[in-house]
Every structure is written in structure tokens, then in C-alpha cells.
Amino acid sequence: MNIVVNNKWIGQRTIRPDGVDKVTGRAAFAADTAMPGMIWGKVLRSPHPHARIRGIDTSRAEALPGVKAVVTARDVVDFPIEKSVMLGIQDMRWMCRNVMARDKALFPGHPVAAVAATTEAIAAKACELIEVDYEVLPFSIEIDDALLPDAPILHEFNKFEGKPSNIVGTLEHKKGDIAEGFKQADVIIERTFTTRPVHQGYIEPHACLISVAADGKTTIWSSSQGQFMVRAMTAYLTGIPQSDIRAIPAEIGGGFGGKTIVYLEPLATLLAKKSGRPVKMVMTREEVMRATGPTSGSKSTVKIGAKKDGTIVAAQGTFYLQAGAFPGSPIRGAAGCSFAPYDIANVLSVGYDVCSNRSKVAAYRAPGAPIGAYAVECVLDEVAESLKVDPLDFRLKNAAKQGTKAAHGPVFPRIGYIETLEAAKNHPHYSTSLGKCQGRGVASGFWFNAGGESSAQVNITEDGNVVVTTGHPDIGGSRAGIANVCAELLGIDYRRVSVIIGDTQTVGFSNLTGGSRVLFASSMVVTQATEKVINTLRERAARIWEIDPEAVKWENGAAHPASPNAGQFEPLTLEDLADKAPMQGGPIGAGVQLNTQGAEGGFGTHICDVEVDIELGIARVIRYTAVQDVGRAVHPGYVEGQLQGGVAQGIGWALNEEYIYRSDGKVDNPGFLDYRMPVCSDLPMIDTVLVEVPNPKHPQGVKGVGEVPLVPVMAAVANAIYRATGKRFYALPMSPPKVLEGLEAPPLQQAAE
């Protein structure tokens, strides 16, 4: 189509367009919004992990001066249990009961009512005045307790194997004959692992401001991973038509999957509708920790068999993941991703979704995959050791490659997993000597990646610059990547491209930011929209020159005759054509909406060095290198940041982070003081190696990169601790008390844990 691209900006570390506003405090987050006449909303939450709600009396709260509205489950649209109503991956049967308890409170912190008042203090006081008649019921928090024959059942309608059960879903991936595979094995190792629930740890709590006009038109300002998701879920749960709701995305202070569902928006909408006033709601940190979705705790058993020559002949995994109060744990990631890096003839991978009396889980960066990889990669390390094979060589021998059929279904195209292993093995880190009480571990990981619906609009301004509007909140650098792509195609400086995130009434439907899909999908639609704009620019130049549009090429930000035969004309720049637009056909712009296809999975291999203080049980990560096939790094700085961020979160998950529950079923550490996330002093400098095996199905070769970096981390840390101490740990986190206890325990007792 006569576009000449010289690759000036793709792959460059351009200045991030949102950087100045964020470091100077000008960026507007949801909690920064305000409106005239605004009032405040607060939520009354259940103190019980499991209780039948026999009645709610809100009269005293409603009589309190300053209270403008009170809502309960009666105000939220009820989706009957009998029929599933899916919105994306969420079932509205569970969402309507998660945002407001209907028949039973199912976890401490479960909303049972909400109040709007003229001040936060009055709203909080009104919540205290609401009287709830609870019938307190037995509860279970842990997986083992929820699976006992006499366990209290959260959802009486649910059956498993013909009996009421807290197992609310299963998933199985099967390849070959698992029994026959184990018969061929010379070495078989089977281990059981546990992990604790961990929170995404986003710094910005959930917040929103919502206005409902007299005619029912509703405007939502909130921080989320998808304004279209917010609009749809709020419409479903309040009964307001989607066409009457405008959802405007604020900047987002972290999400990592935890802001792909709603908690406050439907309640604030109902309060605003009842009161006739704009309603603002902001969670406290304690509310975030008690009542939003961490990822699952888990119990996994992995069994791997290999021949003496190092060939893995059979692999079996059983993964029990906590869903929390309602179905929906990420068993797909655990069961589907765990064995994906390997070419294994016989695989059986089964996931079980288990309800228990804790808050409903939400996505967390490659949901489920880190849990599965932790178990699989630790067992792989033991198998390699028993065969006296270098752990990277063992993975290389069994690595998935082009043509490998994965247990979860697809046959892999050209992939870069082997390249990550080779890069790790050849990295100076892998051959550096270690000191006393130091150890080195490796692990690999996979994530599916995704495409999906995306929309974009590219418009040329009157002064010859560019405004690109996309529909996905930017939580990983997508604006910078899009600016690079658009500038590259147009042949202009990237600083001339402004990228904005449109709201639900200014851009076409776009699926949420998640699944490592956004740069893949948005750069695809922006590429097509930009190509349409370039065609228009060529047509305008052809009209001015009175030649055929096919005789015009676009290069370096200007229209040129395609050849001397087309004529001798001075180039017409983007500025020239923008200036002439009113006389030559009007404004220049184009929009594209696609259900993007062609996403390819991502692979990574990590090297971790730890040093263990054997007297205190403290394990410190002293060096870390993350190697990943990133497709093509459109903005390498952001790609490196994604890898480093995933590693930082994984180190926290491995060594310190966990939800601790009291005997009464409540979270005992609902804040950053006691929930031990890593800070800078806990982390080493994190090295990254970007392996680029471009995705041939994408115009820029893009693959998703944001989720793979978390997947291998816990196993890499665990394997390193073993090399440092000679003791293996089969439970996370490997916090100082647990490491110290393990170091002091006899080998058999320690392994059994």
C-alpha cells in the first residue's frame, strides 16, 4: 500500500507520555475526583465468616441527620441461581451476591448494606446503626477443611459426585496414557505443595464517583482495568441500561488483575440514584484486604516420571485452588500452564475449584499459573538432581518447540522457549561462583496471552499532529507503545503523537486490560487505523497533484511521488496536508474495531541466587535474572519494567506474603504493616534478558509480556533455597520462622510438611 517504514521508533526507549503527570502529582486518580453536591458512601460489612441473614433493619440509619440513602440486597438486581448469566468470565449470579450479601454472609467483610451521607463520618455512624439479624453458621477457611465430609456447605444447591459439596468446578487436560507413561519411567518423584492466598497489593484502593441525573443518565468515574467492564457490570447489577451509563476511566494506581471486577460502582450508583446526589466511595486499606480478591491459596500434588536418559515420559498434576465465597478460582491457569513448557508424551492435569469462607478471589497476574509452576518446577528440579543432570540441560532436553502439542490443546507454532533456556545457560549469572550458605535455582514458566475486542481512533489535528484514542486503561505502558507504533508508521517524531484512553461514549467497545492482551490488540487496531489515515493522506496528495493515488507513496512523514514516472512534485508533509484538509475533503481520521486474533503464548526462564541466614532463617535474594521471549519489544524500557515488577511480586509471594487467618475466620493482617510486601531494601537489582522471537501473526511481532514474569519466580526461589541449605520446602511463603523450623527438622519430617 505504498508505505515505507524505516523503523525509527519501534524498539526505542521513548519518554512515557504519562510520566511527568505522575511524578508531579498532576495525574487524576479516582479518589481525586469531586463534584458539587457530592456525598459519601460507606459499606456495612459482615463480622461473621458464615451467617444466614434473617433480617436487616435500616430505620435508625435512615433517621440519622445527614443520611441521604440506604441500600441493601433488595436494591441489587437478583440473578437466580438456576441459570448462569456470563459477562466475560464473570457469572452475574455470583457478582450480584458478592457486591451485596443476599441470603447469607459468606466471609468476614461481605457487604450487607451501604449508606450515603453528607460526610464520611455520618455515613460510618449510620452503618453502625443498621441492625442485622444473623444466624451464625459453621465455617471453613482452608481447602482441607472445606473438603471434609462434614464441612459446612457454602452453596446448598451445588453438587459434586452427586452430593452437596464445596467443590464447585473441575477442569481436566489429558494427553497420551498416563499409566503407561509412568511404567516407562526409571525415576518417579511425587510431592505435595501448599500456597497461601496473596493479594495483588495495588497501592491505590478501589474508588469511584458516580452521578445519576434526573433522566437516569449515569456517569461513573473510577479506576479499573476496563471501563466497558465497569459499565456492563454496573448495568447488569442496577438495572440501568448500558446506553444510559458513561464510564470514564481515571488513571489507575495498580491492578495486576484485581481491578477486573467491580465492588463499589453498583452500590454507589444505587445510592446516587436514591439520593439524587453524586456519591463518592473510597475503600480503606483494611477493606481492600478483607473484601476484595486476593489470588487463591492452593494445595497441589505433582508427579513426574523420567527415563535414565533424561526424557520425561509422564507428568501428572492435581491442583486444588480456593475460589473464596463464590465459584471462579483460576484452575485454568494452574492446570493449563503448568506443563506447557515441556514436550511430554503423557500428561494428566486436573484442577478443582473449591469454595470456602473467604473473599472471592480475583485475577492476579497470570492467574493460577504461578501456583502450578511452583509445584511442577520444584519437582522437575528434584528429578534433574536424581538423574545428576544440570537443571537447565534437563529442561532443554524436554523443551516444547514448534510442533509440540500442549496438554491444554494447541500445537505450538514458532516459539522462543528454547532460546530463553539457552540465553539463561549462557548468561554470566549462571556460571558465577557462590559463597557460603548461598544457592542458585532456576525455573521456567508459560502464560497463554490473549487477543480479543479492541477499538481505536486515529485523528490528524489541524496543525498536523496526531491524536490516538484507544479503549483500554494503561497499566503497563500501552500509551508509550502505541505512540511508538503510530509514529513509526507515519514517519514522524513520537512526541507528535498523543495517546488518550477514551471513555465508553468516545471510543468503540474494548475488552478490559488483562491477559497480557493490550499492546498486542491495541497496536493491531491502531496499525490498521493509521494505515487508513495514510491512504487518505495519499489520496489527498494525489488530488492536489492530479495523479493516481497508487502513484503516491508515504515515507518519513510526507507524501512523495512513487517514482519519477509519477511526476516531479515537492513532498507534501503531514502538516501541509492537514492545513489543506478543509479544501480537500475535510478532517482526516479513521477508526477500527476488531476482535483481534493471533495471540501467542509467552515463555520465560529465571535464575535466582539466595543467601540464607541459617541462624535466623532469613532467605535473601541476592541476584536475579529474568529471561523471556517477548516477541518484539516495542518499548524495551517498559518490557524490562514488566519483567522486574513480576519478579518483585514473586519474591514477595515466595518469601513473605500470606493472608493469616484467626480462629474466628477473620484476616489477622489486613494492612501493609503486617502483610509483608517486599520493599526496595528486600530486593536485588533485577537483570533482564529480552529474547525476541516475533509473533508472525502481528504487524509488529508483538506478544504479551506482563504475566509470564511472575510465573517462574516462586519455584526459582525455592530451588535456590534448597541449593543453599540442602532442605526442600513444600509450602509458601518460605518466611523466616518456617525456614528456621525446616532447617531444624529431620529430613523426613521437613519433607512431609
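Worth saying up front: this structure is predicted, and the values here are computed from it rather than measured. Numbers here simply count residues along the sequence, with the first being 1.
Listed for the Gln227 side chain is no donor-acceptor partner under 3.5 Å among the backbone atoms of Leu512. The backbone N or O of Ala599 lies less than 3.5 Å from no partner atom in the side chain of Arg517, so there is not a single donor-acceptor pair. Under a 3.5 Å cut-off, the side chain of Ser510 and the backbone N or O of Gly508 do form a donor-acceptor pair. No side-chain donor-acceptor contact under 3.5 Å links Arg332 to the backbone of Gly351. Judged purely by atom type and a 3.5 angstrom limit, Asn695 uses its side chain to pair as donor or acceptor with the backbone of Gly598. Put simply, the side chain of Asn511 never gets that close to the backbone of Gly452: no donor and acceptor are under 3.5 Å apart. A donor-acceptor contact shorter than 3.5 Å is absent between the side chain of Arg93 and the backbone of Pro80. Using modelled atom types, no side-chain atom of Arg16 and backbone atom of Ala480 make a donor-acceptor pair closer than 3.5 Å. When atom types are taken as modelled, the side chain of Arg285 and the backbone of Pro670 share no donor-acceptor pair closer than 3.5 angstrom. Between the side chain of His110 and the backbone N or O of Arg97, at least one donor-acceptor pair lies under 3.5 Å.
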- Task: Test side-chain hydrogen bond (donor to acceptor under 3.5 Å, both in side chains) on Ser223 and Glu204 and set out the steps.
- Result: CA-CA 9 Å; Ser223 293; Glu204 178 202 22; 2.6 Å; yes

Step-by-step side chain to side chain contact (heavy atoms under 4.5 Å, CB included) determination, Glu453 to Gln593: CA-CA 7 Å; Glu453 304 97 327; Gln593 298 84 37; over 6 Å; no

Between Thr234 and Ile220, is the side chain to side chain contact (heavy atoms under 4.5 Å, CB included) condition met? List the steps. CA-CA 9 Å; Thr234 302; Ile220 301 173; 3.9 Å; yes

### Message
Evaluate Phe29 against Ile252 for side chain to side chain contact (heavy atoms under 4.5 Å, CB included), listing each step before the verdict.
### Response
CA-CA 6 Å; Phe29 297 85; Ile252 181 169; 5.7 Å; no

- Query: Do Asp244 and Thr218 pass the side-chain hydrogen bond (donor to acceptor under 3.5 Å, both in side chains) test, and can you show the C-alpha distance, the side-chain angles, and the key distance before you say yes or no?
  - Reply: CA-CA 6 Å; Asp244 284 350; Thr218 301; over 6 Å; no

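Between Phe446 and Phe448, the ring planes are perpendicular. Angles over 60° get that label, and only those under 30° would be called parallel.
Between Gln528 and Lys532 the shortest side-chain heavy-atom distance does not fall below 4.5 Å. Residues Ile210 and Glu265 have side chains in contact (heavy-atom distance under 4.5 Å, counting atoms from C-beta outward). When side chains are defined from C-beta on, Asp75 counts as touching Lys274, because their heavy atoms get closer than 4.5 Å. With contacts defined as side-chain heavy-atom distances shorter than 4.5 Å, the pair Thr295/Pro367 does not qualify. Looking only at side-chain heavy atoms (C-beta outward), Ile588 and Leu537 come within less than 4.5 Å of each other. Two residues are said to be in side-chain contact when any heavy atoms from C-beta on lie closer than 4.5 Å; Met95 and Ile261 meet this criterion. Considering only heavy atoms from C-beta on, Val466 comes within 4.5 Å of Val458 through its side chain. Met38 is not listed as a side-chain neighbour of Arg277, based on a closest heavy-atom distance of 4.5 Å or more.
Considering all non-hydrogen atoms of both residues, Gln242 and Ala235 come closest at CG-CB, 3.4 Å. The shortest non-hydrogen separation linking Ala456 to Val525 is CB-CG2, 3.6 Å.
Residue-environment remark: CD (Gln505) exceeds the threshold of 12 foreign heavy atoms within 6.0 Å.
Applying the side chain to side chain donor-acceptor pair (under 3.5 Å) test to residues at least two apart or on different chains, none of the pairs has a partner in residues 30-40.
Applying side-chain hydrogen bond (donor to acceptor under 3.5 Å, both in side chains) to Glu640 and the options Gln628, His635, Arg13 leaves one that passes, Arg13. For the pairing with Val279, the side-chain contact (heavy atoms from CB on, under 4.5 Å) check across Leu209, Ile39, Leu267, Leu264 returns one residue only, Ile39.
Of the N and O atoms on the side chains of Gln649 and Arg365, at least one donor lies less than 3.5 Å from an acceptor on the other residue. One side chain, Asn484 or Thr14, offers a donor N or O that lies under 3.5 Å from an acceptor on the other. Between the side chains of Glu707 and Ser516, a donor-acceptor pair is found at a separation under 3.5 Å.
Between His199 and Tyr364, the ring center distance fails the sub-6.0 Å criterion. Outside the 6.0 Å centre-distance limit, the rings of Phe228 and His472 are not counted as a close aromatic pair.
Geometric assessment of Lys259 against the ring of Tyr202 yields a positive cation-pi assignment under the 6.0 Å and 45° thresholds. A cation-pi arrangement, defined by a distance under 6.0 Å to the six-membered ring centre and an angle within 45 degrees of its axis, is absent between Arg231 and Phe509.
A salt bridge between Glu251 and Arg479 is present, with a side-chain N of the basic residue lying under 4.0 Å from a carboxylate O of the acidic one.
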